[in-house]
Amino acid sequence: MTGTLLSVKDLNVVFRHGLKEIRAVNRVTFDMRRRETLVMAGESGSGKTVTSLAICGLLPEGAASVSGSARFAGEELIGMPEAQLRAFRGRRIAYIFQEPSSFLNPVYSIGEQIAEAVRLHHGAGRAAALREAVKLLEMSGISDAQRAARSYPHQLSGGMNQRAAISMALACRPELLIADEPTTSLDMTTEAEIIKLLMRLKQEAGFSLLFITHNLAIAEHIADKVAVMFKGELVEYREKEELFASPEHAHTKELLAAYEKVGKF
Amino acid sequence: MALAALAAPLLSPYQPAQIDAGSILCAPSSAHFLGTDSLGRDVLSRLIYGARISLSVGIIAVGISTLLGVVFGSLSGFYGGSVDAFIMRCVDVMLCFPAFFLILAAVAFLDSSIFNIMIIIGLTSWMGPARLVRAEIMALKEREFVEAARASGAGNLRIIVRHILPNACGPLLVNATLAVAGAILLESGLSFLGLGVQPPVPSWGNMLTEAKATLGVAWWITVFPGGAIFLAIIGFNFIAEGIRKELG
Amino acid sequence: MGKYILRRLAGIIPLLFGISLLSFAVINLAPGKPVALENSLNPRVSARALERLEKLYELDKPVYERYWHWLKRTAALDFGRSFSDNRPVIEKIAERLPVTIIINLLSLFLIFAAAIPLGVRCALRPDGMLDKVMTAAMFFLFAIPTFWLALLLMNFFGINLRWLPVSGITSLNYEYLSPVEKVIDLLRHLLLPVTVSSLGGIAAMARYMRSSMIEALAQPYIRMARAKGLTERSVLYKHAFRNAVMPLVTIMGLSLPGLVGGSVIFESVFAIPGAGRLFYEAVMMRDYPLIMAEVVIVSILTMTANLLADVSYAWIDPRLRDKR
């Protein structure tokens with residue numbers, strides 16, 4: 001179980017705004033092994049999120065053109081028809097996003113939304129899926145899971161919603177979890193709890209984790225490897241210890257300096 | 001269209017009330033471009049004179065409603081508190097009345113002169129501009145230039161008129177243009193029912209009342225006045241759109 | 001939730017008060033005493049009727065006392081007797097109101113049934129063919145006077161083609177038809193009026209649905225739904241649609257007064273024996289008790305419908321359900 005899971009090569013994303021073309025991602029190349037944690041760091045607008053969305057074809061059609069290659073467990077995802085891609089999304093590659101409260105649908109209860117994912121990929125019945133949803137919420141460390149399942153997103157705190165989103169992402173036992181700044185909108189204590197939770201679940205379920213952040217402190221904590229993005233390019237991509245010991249690119253140094261100033265996580 | 005209305009006496013080939021017993025219900029021809037009605041009156045002439053009535057009713061009614069709206073909106077926005085609550089309640093009440101019923105009821109108690117119709121339409125449609133002005137004032141009253149004006153000793157009225165209203169002008173103008181279209185529609189509806197502008201004065205609406213009686217016999221009496229209303233409304237909509245674009 | 005409904009119910013008290021004040025003000029609108037001006041202006045109103053009017057509104061008493069008495073009678077649904085045939089006003093309205101309510105409900109139904117799918121289609125391809133056609137159609141429908149459209153359609157379908165009846169809600173031989181034929185006869189009579197009264201609403205509502213759907217589709221939870229691996233169909237019709245359609249309930253509530261007001265016009269054009277036409281007749285005859293009663297009843301009904309719309313919105317939207 002240590003083979004290469006995801007192999008991204010020369011990934012380009014170009015956005016068209018009328019006549020203008022914006023190169024959001026430029027020749028990005030990296031690999032992820034099974035069970036590995038890759039932290040992708042960089043400022044906002046450096047192309048981290050766009051890269052992660054491009055992998056699973058989640059960028060808006062028409063506005064963005066994606067080229068290059070992203071092989072997942074040997075299968076090429078770039079250019080794969082929508083219908084086939086759908087079998088990967090949620091089931092083998094799951095996402096969690098920055099603002100859990102706005103990424104959860106306000107008009108469905110938490111339980112319904114998790115059960116929807118369960119039913120979609122396992123074909124379980126409605127009641128069974130709801131029971132499974134409660135179990136998943138418990139696994140994510142929610143004490144009163146029954147009640148949480150009945151709640152709507154606006155009734156829960158940001159931390160609780162993110163736990164719910166994590167439960168939803170893990171509903172189908174994905175092989176890769178892409179977490180796009182999952183703690184940025186949370187307070188410090190909750191942030192620490194969520195990261196601890198993610199690492200525990202990773203231990204138990206054995207998925208690979210692509211963790212996107214602008215905060216190198218988190219990288220030091222959880223990463224196996226670190227990739228630093230700057231203006232759409234991957235400027236540094238190395239083992240964590242090496243990177244922290246001897247940063248090469250000027251931007252990495254800047255990020256590190258900022259982190260030292262703020263203090264350790 | 002407005003030009004044609006102003007120049008009505010010059011343009012009209014016939015007197016609008018002139019009855020020509022020899023040419024009743026004539027189809028459009030070279031003598032009567034748009035035909036004649038059941039009394040032998042020229043439809044084109046009546047249309048042009050009707051434009052005067054319909055447009056002036058629309059514009060004056062909106063003038064009244066905008067003025068009222070500005071006054072109530074300013075009071076509401078500027079003083080806030082219970083004044084605001086009271087005025088906004090009034091707006092709510094007015095909004096939940098089917099305005100057409102209220103207008104008809106009012107017409108029943110007064111008599112339906114052109115003058116009264118302008119006033120009634122104005123009195124029942126000030127809520128839109130009032131809300132607009134109120135929102136604008138609420139947004140502006142905390143801004144620096146208002147504070148500065150107050151610091152230099154300007155009175156409330158002066159602040160509202162000199163400093164706040166000019167800023168609200170644009171949206172108000174767009175609103176008013178659209179409202180003129182609405183008022184023309186309302187007037188034509190009233191006149192159509194025989195409760196608006198009274199014959200023999202021609203208005204687009206009461207020309208259509210007559211059309212109902214001659215339906216199937218004389219299509220031109222139905223088509224042209226309605227078409228005129230339609231074009232006027234589209235015209236005002238375009239103007240509103242134009243102003244909105246101009247304002248950015 | 002229960003609290004919210006209670007609060008809304010409490011909110012209608014000042015509204016009712018406002019309605020009653022405004023209605024009462026209309027009676028006292030006429031320059032001088034409403035009774036005095038009749039002699040010269042309206043020969044249709046007989047001297048006896050005037051006397052009754054004077055008694056009904058107690059014009060010799062001070063304003064506040066009159067208002068109080070009028071309010072008490074109104075609350076007991078006692079609106080006096082009609083000038084024209086001396087029957088109790090409430091009776092006349094009761095027999096005419098159902099037709100109007102049915103037509104308005106049918107129109108509302110038609111508006112929703114047509115506008116929602118149209119708006120969704122437009123939202124899926126903004127600036128596509130259908131969207132452009134709809135934008136243009138919307139423009140036209142707004143500018144067309146309803147009664148004119150009614151006349152044109154009557155002329156075309158009723159007189160030129162002779163497909164549909166042009167007036168009333170039943171044919172002359174209605175009594176002799178079988179039940180099935182009766183229903184068909186009714187529908188044939190209602191087709192044009194209902195269509196005419198809903199066209200404007202369809203255009204406006206489709207527009208709202210379009211922008212509401214476009215807004216919903218831009219929300220983060222749509223990306224989440226896609227990332228979950230849902231089919232595009234589920235994403236659109238389960239996740240986006242439900243969010244997009246909710247605000248329409250409120251908009252419907254707000255558009256009700258316009259729809260109801262339109263009843264006067266199209267019931268007159270199509271000679272439908274509903275409350276709108278009754279009102280028109282009352283205005284033409286200067287039948288004051290009937291006019292007043294209609295204004296009060298119609299506005300209270302409209303307000304109630306509005307309230308229902310608000311409460312059901314709070315009920316279907318979980319964000320409002322336990323807030324407020």
Side-chain angles (χ1 to χ4, degrees), chain B residues 85-86 89-112 116 120 124 178 181-182 184-186 188-190 192-195 204-205 208-209 211-212 215-217 219 221-223 225-238 241, chain C residues 11 14-19 21-23 26-31 34 37 41-42 139-140 142-149 151-152 154-155 158-160 166 254 256-265 268-269 276 279-280 282-288 291-292 294-295 298-299 302-303 306:
Chain B
F86 177 72
R89 264 288 104 116
C90 291
V91 168
D92 285 346
V93 170
M94 292 293 288
L95 280 179
C96 88
F97 258 99
F100 208 70
F101 272 74
L102 197 62
I103 293 172
L104 280 181
V107 169
F109 283 94
L110 300 167
D111 56 339
S112 43
N116 280 341
I120 294 169
T124 48
L178 287 174
I184 290 179
L185 213 51
L186 210 54
S188 65
L190 280 175
F192 172 70
L193 289 176
L195 292 163
W204 294 339
L208 280 170
T209 317
K212 201 190 164 191
L215 199 63
V217 187
W219 57 269
I221 302 181
T222 311
V223 170
I229 300 174
F230 178 65
L231 286 178
I233 308 246
I234 289 229
F236 277 107
N237 276 316
F238 271 127
E241 198 59 35
Chain C
L15 229 54
L16 276 174
F17 181 64
I19 287 175
L21 262 187
L22 203 57
S23 310
V26 172
I27 313 178
N28 294 278
L29 238 184
L37 91 164
L41 277 176
N42 296 296
F139 213 73
F140 277 85
F142 260 157
I144 289 182
T146 336
F147 54 91
W148 185 54
L149 186 66
L151 284 179
L152 292 181
M154 263 167 87
N155 194 1
I159 296 174
N160 291 354
V166 289
L254 288 176
L256 266 180
L259 195 64
V260 173
S263 302
V264 181
I265 290 188
S268 304
V269 176
F279 185 64
Y280 170 64
V283 170
M284 291 308 269
M285 313 267 291
R286 303 289 193 267
D287 190 342
Y288 297 123
I291 296 174
M292 289 322 303
E294 281 246 10
V295 169
V298 167
S299 46
T302 313
M303 190 195 65
N306 225 326

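Throughout, a chain's letter reflects where its sequence line sits, starting with A, and its residues are numbered from 1.
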Checklist line | chain B contact via C:Ile291 - side chain, backbone, both or neither, heavy atoms under 4.5 Å | finding: side chain
Next item on the list: Compare every heavy atom of B:Leu102 with every heavy atom of B:Met94, then report the nearest pair and how far apart it is.
Entry: CE-CD2, 4.5 Å
Notebook entry, point to check: Checking C:Phe17 against chain B: side chain, backbone, both or neither under 4.5 Å from a heavy atom?
Noted result: neither
Next item on the list: May I ask you to name which of C:Val298, C:Asn306, C:Val295 has the most heavy-atom pairs under 4.5 Å with chain B?
Entry: C:Val298
Check: What residue, out of C:Ser299, C:Pro257, C:Gly276, has the most heavy-atom pairs lying under 4.5 Å from chain B?
Finding: C:Pro257
Note to self: Please check: side-chain N/O of C:Tyr280 versus main-chain N/O of C:Ile265, any donor-acceptor pairing under 3.5 Å?
What the structure shows: no
Notebook entry, point to check: Between C:Thr302 and B:Phe101, is any pair of side-chain heavy atoms under 4.5 Å apart?
Noted result: no
Notebook entry, point to check: Of all heavy-atom pairs between C:Phe147 and B:Leu185, which one has the smallest distance, and what is that distance?
Noted result: CE2-O, 4.5 Å
